[in-house]
Amino acid sequence: MKNNIISGFGAFICISMLAYINAFDESNLWLIPPFGASMVLVMAVHESPLAHPKNVFFGHLISAFSGVLVYAIFGLSHLSIGLGVGLAIFLMMITNTVHPPAGANPIIAILGAKGASFIFIPVAAGASFIVIFAIIYNKLLKRE
(Lines give C-alpha, C1' and ligand atoms only; values in the text may rest on other atoms or scores of the structure.)
Protein backbone atom coordinates (compact mmCIF):
# COMPACT_ATOMS: atom_id res chain seq x y z
CA MET A 1 0.00 0.00 0.00
CA LYS A 2 2.86 2.38 0.84
CA ASN A 3 4.41 1.94 -2.62
CA ASN A 4 1.03 2.63 -4.25
CA ILE A 5 0.73 5.93 -2.39
CA ILE A 6 4.32 6.89 -3.21
CA SER A 7 3.76 6.10 -6.90
CA GLY A 8 0.49 8.01 -7.13
CA PHE A 9 1.88 10.98 -5.23
CA GLY A 10 4.95 11.15 -7.48
CA ALA A 11 2.77 11.16 -10.58
CA PHE A 12 0.58 13.85 -9.04
CA ILE A 13 3.56 16.10 -8.33
CA CYS A 14 5.26 15.66 -11.72
CA ILE A 15 2.15 16.10 -13.87
CA SER A 16 1.00 19.03 -11.74
CA MET A 17 4.36 20.71 -12.29
CA LEU A 18 4.13 20.20 -16.07
CA ALA A 19 0.56 21.50 -16.03
CA TYR A 20 1.72 24.56 -14.08
CA ILE A 21 4.42 25.29 -16.66
CA ASN A 22 1.85 24.71 -19.39
CA ALA A 23 -0.51 27.26 -17.85
CA PHE A 24 2.11 30.02 -18.01
CA ASP A 25 3.53 29.40 -21.47
CA GLU A 26 0.79 30.33 -23.89
CA SER A 27 3.07 29.95 -26.90
CA ASN A 28 3.75 26.25 -26.26
CA LEU A 29 1.93 23.19 -25.08
CA TRP A 30 3.98 21.43 -22.40
CA LEU A 31 1.60 18.65 -21.51
CA ILE A 32 0.40 15.88 -23.81
CA PRO A 33 -1.70 12.82 -22.87
CA PRO A 34 1.11 10.26 -23.42
CA PHE A 35 2.96 11.81 -20.49
CA GLY A 36 0.23 10.53 -18.16
CA ALA A 37 0.86 7.02 -19.41
CA SER A 38 4.63 7.53 -19.04
CA MET A 39 4.04 8.38 -15.39
CA VAL A 40 2.40 5.00 -14.87
CA LEU A 41 5.62 3.34 -16.01
CA VAL A 42 8.17 5.56 -14.24
CA MET A 43 6.24 5.61 -10.97
CA ALA A 44 4.40 2.28 -10.73
CA VAL A 45 6.79 -0.08 -12.54
CA HIS A 46 10.01 1.92 -12.57
CA GLU A 47 12.09 -1.30 -12.69
CA SER A 48 10.64 -2.18 -16.10
CA PRO A 49 12.93 -1.78 -19.13
CA LEU A 50 10.09 0.23 -20.71
CA ALA A 51 10.49 2.81 -17.92
CA HIS A 52 14.27 3.27 -18.25
CA PRO A 53 15.30 6.88 -18.84
CA LYS A 54 16.63 6.21 -22.35
CA ASN A 55 13.37 4.51 -23.30
CA VAL A 56 11.23 7.34 -21.97
CA PHE A 57 13.27 10.08 -23.58
CA PHE A 58 14.22 8.50 -26.90
CA GLY A 59 10.95 6.63 -27.27
CA HIS A 60 9.05 9.91 -27.09
CA LEU A 61 11.56 11.72 -29.31
CA ILE A 62 11.64 9.06 -32.00
CA SER A 63 7.86 8.72 -32.04
CA ALA A 64 7.31 12.46 -32.30
CA PHE A 65 9.86 12.62 -35.11
CA SER A 66 8.05 9.79 -36.90
CA GLY A 67 4.74 11.62 -36.76
CA VAL A 68 6.19 14.95 -37.86
CA LEU A 69 8.09 13.32 -40.72
CA VAL A 70 5.11 11.34 -41.98
CA TYR A 71 2.85 14.38 -41.78
CA ALA A 72 5.39 16.52 -43.66
CA ILE A 73 5.60 13.97 -46.47
CA PHE A 74 2.08 12.55 -46.69
CA GLY A 75 -0.19 14.97 -44.83
CA LEU A 76 -3.25 13.80 -42.94
CA SER A 77 -4.96 10.56 -43.90
CA HIS A 78 -5.92 7.31 -42.25
CA LEU A 79 -2.88 5.71 -43.89
CA SER A 80 -0.47 8.40 -42.71
CA ILE A 81 -1.63 7.97 -39.12
CA GLY A 82 -1.03 4.22 -39.37
CA LEU A 83 2.32 4.77 -41.06
CA GLY A 84 3.39 7.23 -38.34
CA VAL A 85 2.65 4.77 -35.56
CA GLY A 86 4.16 1.85 -37.47
CA LEU A 87 7.34 3.81 -38.20
CA ALA A 88 7.60 4.86 -34.56
CA ILE A 89 7.33 1.27 -33.37
CA PHE A 90 9.88 0.10 -35.95
CA LEU A 91 12.38 2.83 -34.99
CA MET A 92 11.90 2.30 -31.24
CA MET A 93 12.47 -1.43 -31.71
CA ILE A 94 15.65 -1.11 -33.77
CA THR A 95 17.07 1.46 -31.33
CA ASN A 96 16.02 -0.58 -28.28
CA THR A 97 14.07 2.38 -26.88
CA VAL A 98 10.52 0.99 -26.78
CA HIS A 99 8.24 3.11 -24.61
CA PRO A 100 4.56 2.25 -25.22
CA PRO A 101 3.06 5.64 -24.25
CA ALA A 102 5.17 7.26 -26.99
CA GLY A 103 3.17 5.36 -29.58
CA ALA A 104 0.52 8.06 -29.27
CA ASN A 105 2.90 10.85 -30.31
CA PRO A 106 2.62 10.25 -34.09
CA ILE A 107 -1.16 10.39 -33.83
CA ILE A 108 -0.97 13.73 -32.02
CA ALA A 109 1.59 15.06 -34.51
CA ILE A 110 -0.36 14.03 -37.59
CA LEU A 111 -3.86 14.95 -36.36
CA GLY A 112 -2.53 18.25 -35.02
CA ALA A 113 -0.49 19.04 -38.16
CA LYS A 114 2.60 19.51 -35.99
CA GLY A 115 5.94 20.72 -37.26
CA ALA A 116 9.47 20.11 -36.01
CA SER A 117 8.97 22.34 -32.96
CA PHE A 118 6.61 19.65 -31.57
CA ILE A 119 9.62 17.37 -31.19
CA PHE A 120 11.31 19.88 -28.86
CA ILE A 121 8.35 21.33 -26.94
CA PRO A 122 6.41 19.54 -25.60
CA VAL A 123 8.02 16.19 -26.38
CA ALA A 124 11.77 16.48 -25.63
CA ALA A 125 11.27 19.05 -22.88
CA GLY A 126 8.45 17.15 -21.22
CA ALA A 127 10.13 13.75 -21.51
CA SER A 128 13.34 15.23 -20.04
CA PHE A 129 11.36 16.72 -17.18
CA ILE A 130 9.70 13.36 -16.47
CA VAL A 131 13.01 11.46 -16.60
CA ILE A 132 14.81 13.89 -14.29
CA PHE A 133 11.88 14.03 -11.89
CA ALA A 134 11.56 10.22 -11.77
CA ILE A 135 15.28 9.70 -11.18
CA ILE A 136 15.36 12.19 -8.32
CA TYR A 137 12.05 11.09 -6.78
CA ASN A 138 12.86 7.38 -6.95
CA LYS A 139 16.40 7.87 -5.58
CA LEU A 140 15.18 10.05 -2.73
CA LEU A 141 12.72 7.37 -1.77
CA LYS A 142 15.31 4.63 -2.40
CA ARG A 143 13.11 2.96 -5.04
CA GLU A 144 16.00 2.48 -7.47
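Treat the numbers as computed from the prediction; the structure is a model and nothing was measured. We use all heavy atoms of the structure for the numbers below, so side chains are in, but hydrogens, waters and symmetry mates are not.
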Using the rule side-chain contact (heavy atoms from CB on, under 4.5 Å), only one of Pro122, Ser63, Pro33 pairs with Asn105; which is it? Ser63
CD1/Ile107 to OG/Ser80 distance, rounded to the nearest 0.5 angstrom? 11.0 Å
To the closest 0.5 Å, what do you measure between CG (Asn138) and CE (Met43)? 4.5 Å
Under a 4.5 Å side-chain heavy-atom rule over Ile, Leu, Val, Met, Phe, Trp and Tyr, are Leu140 and Ile5 clustered together? no
Can you tell me how the ring of Phe9 sits relative to the ring of Phe12, calling it parallel under 30°, perpendicular over 60° and tilted otherwise? tilted
Crowded around Phe35 CZ? As in, over 12 foreign heavy atoms under 6.0 Å? yes
Going only through I, L, V, M, F, W and Y residues with side-chain contacts under 4.5 Å, is there a path from Val40 to Ile32? no
dist Ser7:OG -> Met39:CE (nearest 0.5 Å) comes out at 9.5 Å
Heavy-atom pair with the smallest gap, counting every atom of Ala124 and Phe57: O-CE1, 3.7 Å
Of the non-hydrogen atoms in Ile110 and Gly84, which two are nearest, and what is the gap between them? CD1-CA, 4.1 Å
Which distance, rounded to the nearest 0.5 Å, do you find between the CH2 of Trp30 and the CE of Met17? 11.5 Å
Is there a side-chain contact between Val98 and Leu50, using heavy atoms and a 4.5 Å cut-off? yes
To the nearest 0.5 Å, what is the distance between OG1 (Thr95) and CD1 (Ile62)? 3.5 Å
Just so I know, are the side chains of Ser117 and Ile119 near enough to count as touching, which here means a heavy-atom distance under 4.5 Å? no
Taking Leu83 as the starting point, is it possible to reach Ile73 by hopping between hydrophobic residues whose side chains are less than 4.5 Å apart? yes
So CG of Leu69 and CG of Leu87: to nearest 0.5 Å the spacing works out to 6.5 Å
If every non-hydrogen atom of His60 is compared with every non-hydrogen atom of Ser38, which pair is closest and at what distance? NE2-OG, 2.7 Å
Compare all side-chain heavy atoms of Val70 with those of Pro106 and state whether any distance is below 4.5 angstrom. no
Looking only at atom types and distance, does a side-chain atom of Lys54 sit under 3.5 Å from a main-chain N or O of Gly59, one as donor and one as acceptor? no
Side-chain heavy atoms nearer than 4.5 Å, only ILVMFWY residues, links allowed to pass through others: does that put Phe90 and Leu79 together? no
Indicate yes or no: at least one non-hydrogen side-chain atom of Leu111 is less than 4.5 angstrom from one of Tyr71. no
Check Phe133 against Gly10 and note the closest heavy-atom contact, atom names and distance. CE2-O, 3.3 Å
With sequence neighbours excluded, tell me which residues meet side chain to side chain contact (heavy atoms under 4.5 Å, CB included) with Pro53. Val131, Ile135
Could you work out, with ring pair (Phe, Tyr, Trp, His ring centres under 6.0 Å) as the rule, every residue matching Tyr20, not counting sequence neighbours? Phe24
Determine whether the aromatic ring centres of residues Phe58 and His99 are separated by less than 6.0 angstrom. no
Could you tell me whether the side chain of Ile21 reaches within less than 4.5 Å of the side chain of Phe129, counting heavy atoms only? yes
Are any of the side-chain heavy atoms of Ser66 and Val85 separated by less than 4.5 Å? no
For Tyr137 and Ile6, indicate whether the former's side chain and the latter's backbone hold a donor-acceptor pair under 3.5 Å. yes
Close side-chain approach of Asn96 to Pro49, heavy-atom, < 4.5 Å: no
Hydrophobic clusters here meaning ILVMFWY residues chained together by side-chain heavy-atom distances under 4.5 Å, can you tell me if Ile89 and Ile94 are in one? yes
Side chain proximity check, Val56 to His52, heavy atoms < 4.5 angstrom: no
Apply side-chain contact (heavy atoms from CB on, under 4.5 Å) to residues Leu41 and Asn55 and explain how you reach the verdict. CA-CA 11 Å; Leu41 289 171; Asn55 291 60; over 6 Å; no
